[in-house]
Amino acid sequence: MINVINPAYGTLVGQVHNASISECLAAVDAAHDAFPAWKATSPRQRGEILRTAFELMMASQEELARLITQENGKVLADARAEVAYAAEFFRWFGEEAVRIDGDYRRAPNGNNWLLVMRQPVGVALLATPWNFPAAMATRKIAPALAAGCTVVLKPAHETPLTALAVGEILQRAGVPDGVVSITVADPPGPAVEAMLDSGKVRKLSFTGSTRVGSMLLAHAAKHVINCSMELGGNAPLVVFDDADLDVAIEGTMLAKMRNGGAACTAANRLFVHERVYDEFADRLTQKMALLRLGDGLDLSTNVGPLVSLAQQQRVAALVDTAKHEGARATCGGTAADDASFGYHPTVLTDVALNASILKEEIFGPVAPLVRFTDSDDIVEHSNAVEHGLVSYIFTRDIGRGMRLAEALETGMVGLNRGLVSDPAAPFGGVKASGLGREGAHDGLLAFLETKYVAGNW
Ligand code: NAD
């Protein structure tokens with residue numbers, strides 16, 4: 001059995017069955033057997049099932065949000081927002097299911113015809129992280145089902161209860177047996193590898209760390225499996241001296257503190273122009289110091305604990321090293337002194353450009369502020385990491401903002417905004433942050449193959 005722990009107390013929330021490798025392979029077999037019939041359903045039928053799943057999920061918003069908070073730790077407001085975001089993928093891809101297009105063209109030589117059609121890739125293996133246990137699952141399941149693929153979802157073992165609840169919703173919405181299976185396996189490596197080796201999986205869609213993603217890419221390469229990778233981030237957030245500081249502070253709070261900092265999109269490196277640095281640091285410190293850390297189910301709490309003791313210790317070590325390297329904590333800077341896995345919201349000032357904390361994903365409520373003088377250097381500073389998921393820019397000069405948006409090596413940019421996630425937008429990164437996009441029409445294309453018929457008639 002796998003124990004699911006409430007990170008607010010370190011206590012047991014529930015237990016789930018730990019799937020053996022043969023059970024994981026049986027789920028792949030079931031997906032493989034269900035594929036021909038599911039592929040043959042009409043796009044409208046698939047769309048309506050997804051629409052029903054959206055409605056059922058929203059009808060259970062509160063119940064699901066409480067479950068997310070209990071196993072993940074995020075505060076209830078974040079959990080409710082996650083359920084709405086997650087459900088929206090069912091609605092969006094329910095609408096996209098009827099928009100699988102093709103193409104019909106005359107060849108340039110004028111003699112032949114080119115007919116292009118799209119077909120579902122086949123059985124898809126989906127692996128998701130603990131930080132958005134509902135939304136990362138629906139962001140994959142919804143486009144896969146819309147495209148006509150069948151799936152096996154392997155959620156993170158820290159947060160399996162939400163994934164299983166999503167599975168139940170899909171069943172109630174009318175998804176036939178075998179089309180969606182959920183297998184929770186710990187350790188995950190052997191189970192995922194066996195499923196990739198089964199010869200029946202044609203698509204791997206993974207969200208998680210760059211380390212695991214690149215290992216799985218290497219494994220999938222053996223069988224030339226189609227891969228989509230949503231990996232880690234290390235987002236720069238740039239505040240120019242002409243920024244509207246009210247907007248910049250609000251955007252920074254969102255970009256940093258959504259999900260208690262445990263988001264791939266979290267602002268990790270805050271570059272602030274020297275002319276506004278002190279005021280920005282003071283105002284951000286005031287806001288962060290007001291946040292109350294505690295059990296996410298308590299409505300007076302603004303920040304929940306991190307997901308595990310290991311994660312708490314990792315964040316604490318990053319902050320201690322930063323302090324050792326000369327940074328100053330203007331608020332926070334310590335772990336919770338109770339049994340929870342909490343870490344106090346922290347602002348670090350005087351962070352040097354080469355500080356270690358800027359080199360890795362923090363994944364916690366810590367905002368390191370770096371002072372910059374010359375705006376011409378900001379592209380180089382921002383791009384100086386292996387990751388390239390998202391960046392944030394705050395300036396009143398839209399021309400400057402757009403020039404920077406073009407120059408930054410990230411898949412997404414927030415311009416005077418601290419939140420980019422939207423099911424209707426293509427979400428994804430460049431460099432070590434991943435391959436492919438989720439959401440938007442692009443998310444559907446990730447589960448479709450293009451077939452071309454060269455005709456002469
Ligand atoms: P993780 O890589 O440890 O785990 C992700 C998934 O992979 C889980 O299901 C896990 O069980 C599985 N896994 C772990 N080791 C494996 C192995 N050896 N073989 C096969 N599967 C394995 O990541 P995490 O700690 O759960 O999540 C945090 C990471 O996810 C962060 O780096 C974050 O940036 C990233 N993330 C990215 C996005 C995005 O859209 N780009 C979204 C959310 C999270």
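When a ligand or atom number is given, it counts from 1 through the structure's own listing order.
Other residues, nucleotides and ligands contribute only 12 or fewer heavy atoms inside 6.0 Å of the CG atom of Asp177.
With sequence neighbours excluded, the residues satisfying side chain to side chain contact (heavy atoms under 4.5 Å, CB included) with Val13 are Val4, Asn6, Gln70, Leu161.
With Phe427 as the aromatic partner, Arg139 meets the cation-pi criteria of under 6.0 angstrom to the ring centre and within 45 degrees of the ring axis. For the pair Lys74 and Phe132, the cation-pi test (distance below 6.0 Å, angle within 45°) is passed.
Annotation: ligand 1 has protein neighbours Thr128, Pro129, Trp130, Asn131, Met136, Arg139, Lys154, Pro155, Ala156, Pro188, Gly189, Val192, Phe206, Thr207, Gly208, Ser209, Val212, Met215, Leu216, Glu230, Leu231, Gly232, Gly233, Cys264, Glu361, Phe363, Leu389, Phe427, each with a heavy atom less than 4.0 angstrom from the ligand.
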Exercise. Please report the C-alpha distance between Phe363 and Trp130 in whole Å, then the side-chain angles of each, then the deciding distance to 0.1 Å, and finally whether the ring-ring contact (aromatic ring centres under 6.0 Å, His included) criterion is met.
Key: CA-CA 12 Å; Phe363 238 61; Trp130 48 262; 5.5 Å; yes
Exercise. May I have the step-by-step check of side-chain hydrogen bond (donor to acceptor under 3.5 Å, both in side chains) for Thr252 and Lys287, ending in yes or no?
Key: CA-CA 11 Å; Thr252 303; Lys287 284 255 185 199; over 6 Å; no
